[in-house]
Structures are given as C-alpha cells and as structure tokens.
Amino acid sequence: MRQARIRPTILNLPASRIRAVYNAGQGIEGLIPLWAGEGDEPTPAFIRDAAAAALAKGETYYTPNRGILPLREAIRAYLQRAYAVDVPMDRIVATASGMSALMITLQCLLEAGDSAAVIGPIWPNGCEAIRALGAQVHDVYLQQQEDGRWTLDLDRLFAACDDTTKLIMLNSPGNPTGWVASEAELKAILDFARARGLWILSDEVYGRIAYGAARVPGRSHAPSFYTLAEPDDAVIVINSFSKSWSMTGWRLGWVVTRPDLAEAIEKMTEFNVSCSNAFAQWGAVAALNEGDAYVDSLAERYGRAADLVYQALAPLPRVRLGRPEGAFYAFFALDGLKDSLRFCLDLLPKAKVGLAPGIAFGPAGEGRIRLCYAASLPKLSQALERLVPHLK
C-alpha cells in the first residue's frame with residue numbers, strides 16, 4: 001500500500017536552535033533570557049489601550065486582505081514623517097507579522113529551480129523560507145575585520161547571482177551581526193538588480209534602530225531602499241511592529257513594493273491567513289500615529305546598551321566583537337568554541353543567562369554567540385556580570 005508522505009523538503013528543514021535553548025531554559029528560576037529578539041518591557045500602554053478600546057467596540061470581524069484603511073493610511077503618514085517619502089496606497093500591504101510578509105512575498109516570486117542570493121549571517125527564517133519553496137540559497141557572508149566590524153564584498157554578492165537567481169535578500173540593520181549597509185552599498189545593489197532584472201527583498205524591521213554614523217545624516221533611520229528606490233523598481237521593503245514598537249506578540253507588519261506585486265501579496269494573504277487581527281490593527285494605528293517619541297527613546301536606550309555590552313565583552317581575550325552599528329544584538333566570536341548550541345545549553349544552569357547559538361544562523365555562525373541586549377539596562381548589567389566569567 002502506498003504511504004501518504006510529507007514533502008521531504010519540509011522534513012529536512014532544521015528545527016530552530018534558538019527554540020532549543022529557549023525550551024531548555026523554561027523553568028530555570030532567576031534565568032535572564034537574552035536569546036530572543038525582543039526586550040523585557042511590554043508594549044506601551046497607549047498602544048494596548050487603543051487595541052483594548054477597539055476590542056470593546058466589537059472590532060472582531062474579518063478585515064481587508066491588505067489591512068484596514070486607517071492602518072495603511074497611518075503607514076503612509078509614518079513613512080512621510082520618518083523617511084520623507086510619499087508612498088501611494090497601492091504600494092502598501094499590512095500583514096500578519098513581518099515573517100508572514102516575508103513568506104508570502106517569497107511565495108509570489110520563487111519556485112523550485114530558482115535561487116536567491118542572501119547576505120548573511122542572517123536570521124534563519126529567511127533562508128529556510130526560501131528552501132521551503134524548493135528554491136536554493138546562495139549564501140554571501142559578511143566578513144568580520146580585525147576590529148570586529150562587518151563588511152560586505154559587493155563583488156562576491158554579484159558573482160553569486162547566476163541564471164537561476166531571482167532575488168537578492170538582505171537585512172540591514174542586521175540580525176545577528178548589527179551590520180548596517182551604507183547608502184553607497186544599497187545604491188550599488190539597486191543598480192545591479194536593475195541591470196539584471198532581479199528583485200531586491202530588503203528586511204528593514206530594525207530600520208529605526210541605528211546608532212551614530214550608521215544613520216542617514218540628519219535622519220533617525222539607517223540607509224534605506226525607501227528613499228533610494230523608484231516606485232517601479234523591483235524592490236520589496238518589509239517592516240514589522242515587533243522591534244521599534246515592542247509589539248513582538250502582536251504579529252503585525254507591512255510591505256511596500258511595486259503595485260503589481262502588492263496586488264499579488266494581497267491575493268496570497270487570502271490563501272495564507274485571510275487577514276490580520278482586527279483589533280490588533282487598531283493598536284498598530286496608535287503605534288504609528290502616536291509613537292514617534294517612543295521609537296526615538298527606544299533607539300537611544302539600545303545605543304547605550306550596545307556600549308555597555310561592547311565595553312564588557314570586547315576586552316576579553318577570547319572574545320572578538322565589534323561595536324554593533326544597529327539592531328540590538330552582539331554577535332561575538334569565542335576563541336576555541338566548536339559547538340555553540342552545546343555551549344548555550346550548558347550555560348543555562350551555570351550562569352542562568354539564555355543566549356542564542358551562532359549555528360542557528362548557518363554554518364558561518366558556528367563558533368559565535370548572539371546576545372540580545374534589548375533588556376532593561378539593570379537586567380542587562382546583571383546578565384553580563386554572570387556571563388563574563390564563563391567567557392574568559
């Protein structure tokens with residue numbers, strides 16, 4: 001009798017190593033979790049209150065596939081304020097999380113036999129979403145310099161694009177590296193993609209979390225395709241409410257892209273999730289319309305946290321770490337480390353600090369550890385005191 005089977009491609013996808021550490025750490029009293037990409041403060045009250053008010057009013061029904069009109073209008077107004085760009089409504093789709101935006105976009109663009117050039121190390125879900133569709137990943141890894149800074153070799157990126165390549169994926173500011181692409185690098189990638197007829201998928205969920213020289217002069221954001229791409233360019237910018245508004249559990253994001261792809265994403269949203277949560281979208285409206293000061297304060301705090309982590313870890317003889325330029329992660333190499341997953345699991349009962357193993361971000365991440373410094377500064381200081389003796 002013939003046996004019903006699951007697609008081998010899906011069975012062969014690796015389970016999350018970050019989740020493995022997360023699961024092992026459950027129930028350890030006093031543990032400080034720095035493994036996930038989120039802080040330890042709840043979503044601001046003005047956002048929660050807006051969602052609660054919408055729920056009390058009965059906003060519990062289906063919504064348009066593209067998201068409610070007030071949310072898309074708020075996204076447009078936010079982009080005008082923060083990035084000084086006017087994005088027409090037909091280019092905006094609100095989504096049920098940044099991850100959903102990423103997956104649905106890839107479903108619209110890739111199929112078996114295609115490939116994507118991906119600048120890494122990168123958040124693992126991006127590469128695995130590509131592989132889940134039967135496409136191939138051409139990894140182009142950032143290079144870490146002697147001072148710990150990460151750099152991109154554009155020639156290697158362009159050489160990785162062959163006849164099967166349909167898109168280039170990047171995440172800047174980057175998870176896990178803290179790398180921020182310069183405007184010159186983004187322009188070079190855009191020119192190459194135009195010449196070759198490639199899509200660019202730019203994950204900019206940390207776009208407002210950039211420090212010092214990594215920001216566009218006079219602006220409160222990192223270099224962005226929002227300001228560089230033309231409306232008819234084959235560029236997709238993905239954003240999320242998770243990071244800059246402390247809304248990880250809300251599962252809301254958005255896409256800005258060419259109108260024809262926006263229409264395709266709208267269609268595929270119906271077949272994936274139908275629509276985003278109604279009352280949560282009203283919370284997101286408040287986040288965008290009332291949250292500018294909160295976003296700025298959060299970015300400032302994360303900048304101080306980056307300094308704190310760098311000052312504590314960079315001087316250690318076994319550690320190689322450059323000061324992060326954006327996002328909220330320290331991705332440090334540890335001399336002699338061969339099994340980062342085992343190290344993080346062993347660290348749980350010893351130091352009572354939860355970290356993410358570098359192997360979670362692909363083979364280039366082995367020998368490294370990711371520390372999320374989005375926790376409150378007192379808690380972060382306590383975690384570093386516990387951690388340093390185990391890194392010497």
Side-chain angles (χ1 to χ4, degrees), residues 9 13 91-93 95 97-142 152-175 179 181 185-207 223-240 253-269 272 361-362 364:
T9 298
L13 293 176
R91 297 182 59 210
I92 299 171
V93 183
T95 61
S97 79
M99 182 61 227
S100 180
L102 179 66
M103 189 71 201
I104 291 173
T105 298
L106 292 172
Q107 288 173 347
C108 293
L109 301 179
L110 296 180
E111 56 191 355
D114 292 338
S115 71
V118 180
I119 299 173
I122 195 171
W123 182 50
N125 290 27
C127 291
E128 302 312 333
I130 293 169
R131 295 187 178 104
L133 296 172
Q136 301 297 311
V137 174
H138 294 169
D139 290 305
V140 181
Y141 292 123
L142 299 166
L152 171 64
D153 186 331
L154 286 169
D155 289 336
R156 290 182 62 241
L157 172 64
F158 299 155
C161 298
D162 60 22
D163 292 341
T164 69
T165 304
K166 295 298 188 296
L167 67 85
I168 296 171
M169 179 189 290
L170 69 153
N171 170 216
S172 172
N175 171 13
W179 167 74
E185 289 169 328
L186 296 185
K187 288 177 181 177
I189 294 170
L190 182 58
D191 288 343
F192 178 82
R194 285 168 173 164
R196 290 285 296 272
L198 302 178
W199 288 92
I200 295 171
L201 196 162
S202 183
D203 177 347
E204 300 189 14
V205 302
Y206 301 97
S224 169
F225 284 108
Y226 281 136
T227 65
L228 299 176
E230 298 296 331
D232 60 348
D233 275 323
V235 174
I236 310 111
V237 180
I238 288 177
N239 218 315
S240 169
W254 75 80
V255 178
V256 170
T257 190
R258 216 168 61 185
D260 57 341
L261 180 56
E263 185 175 344
I265 292 171
E266 176 183 11
K267 181 188 300 183
M268 289 303 295
T269 296
N272 278 269
F361 304 92

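The chain is numbered in sequence order, starting from 1. Hydrogens, waters and symmetry mates play no part in the numbers below; they use all other heavy atoms, side chains included.
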Checklist entry - L170 and L152: side chain to side chain contact (heavy atoms under 4.5 Å, CB included), yes or no, with the steps? => result CA-CA 11 Å; L170 69 153; L152 171 64; over 6 Å; no
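- Side-chain contact between P173 and W179 is absent, with no heavy atoms from C-beta onward closer than 4.5 Å.
- With 3.5 Å as the limit, one finds a donor-acceptor pair spanning the side chains of Q107 and N272.
- The nearest pair of heavy atoms linking F192 to I168 is CD2-CD1, 4.1 Å.
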Item to check | Intermediate values then yes/no, side chain to side chain contact (heavy atoms under 4.5 Å, CB included), D233 and R194 | outcome: CA-CA 8 Å; D233 275 323; R194 285 168 173 164; 2.7 Å; yes
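- Side-chain atoms of D191 do not come within 3.5 Å of backbone N or O of A188 as any donor-acceptor pair.
- With hydrogens and angles disregarded, a donor-acceptor distance shorter than 3.5 Å links the side chain of D153 to the backbone of D155.
- How far CG of L198 is from NZ of K166: 9.0 Å, rounded to the nearest 0.5 Å.
- A pairwise comparison of heavy atoms in T165 and A160 identifies OG1-O, 3.9 Å as the closest pair.
- The distance from the CG atom of L110 to the CH2 atom of W199 is 11.0 Å, given to the nearest 0.5 Å.
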Listed pairs under 3.5 Å, donor-acceptor, residues 120-128 side chains, sequence neighbours left out:
{"from": "E128", "atom 1": "OE2", "to": "R131", "atom 2": "NH1", "distance (Å)": "3.0"}

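- Closest of all the heavy-atom pairs between L154 and I189 is CD2-CG1, 3.9 Å.
- Residues L13 and A132 come closest through the heavy atom pair CD1-CB, 3.9 Å.
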Side-chain donor-acceptor distances from residues 259-266 under 3.5 Å, at least two apart:
{"from": "D260", "atom 1": "OD1", "to": "R258", "atom 2": "NE", "distance (Å)": "2.8"}
{"from": "D260", "atom 1": "OD2", "to": "R258", "atom 2": "NE", "distance (Å)": "3.4"}
{"from": "D260", "atom 1": "OD2", "to": "R258", "atom 2": "NH2", "distance (Å)": "2.9"}
{"from": "E266", "atom 1": "OE1", "to": "R66", "atom 2": "NE", "distance (Å)": "2.8"}

Checklist entry - For L167 and L106, what are the C-alpha separation, side-chain angles and deciding distance, and is it a side chain to side chain contact (heavy atoms under 4.5 Å, CB included)? => result CA-CA 9 Å; L167 67 85; L106 292 172; 3.8 Å; yes
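- With rounding to the nearest 0.5 angstrom, the CD atom of E204 is 9.0 Å from the CG atom of N171.
- Residue H138 holds its NE2 atom at 4.0 Å from OG of S115, rounded to the nearest 0.5 Å.
- For E185, the CD atom counts as densely surrounded, since its 6.0 Å shell holds more than 12 non-hydrogen atoms of other residues, nucleotides or ligands.
- No side-chain donor-acceptor contact under 3.5 Å links R196 to the backbone of D163.
- Note that the CG atom of L102 and the CD1 atom of I238 stand 4.5 Å from one another [nearest 0.5 Å].
- With hydrogens and angles disregarded, no donor-acceptor distance shorter than 3.5 Å links the side chain of D139 to the backbone of Y141.
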Next on the checklist: If you apply the rule side chain to side chain contact (heavy atoms under 4.5 Å, CB included), what do you find for V255 with T95, and how did you get there?
Outcome noted: CA-CA 7 Å; V255 178; T95 61; 4.0 Å; yes
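- Scanning both residues, A181 and P223, for their nearest heavy atoms gives O-CG, 3.3 Å.
- Side chains of N175 and Y206 form a contact here, defined as non-hydrogen atoms less than 4.5 Å apart.
- Counting heavy atoms from C-beta outward, I130 and D114 have side chains that stay 4.5 Å or more apart.
- Of all non-hydrogen atoms in A129 and M99, the two that sit nearest each other are CB-CE, 4.1 Å.
- Of the inter-residue distances, the one linking S202 atom OG with M169 atom CE reads 10.5 Å to the nearest 0.5 angstrom.
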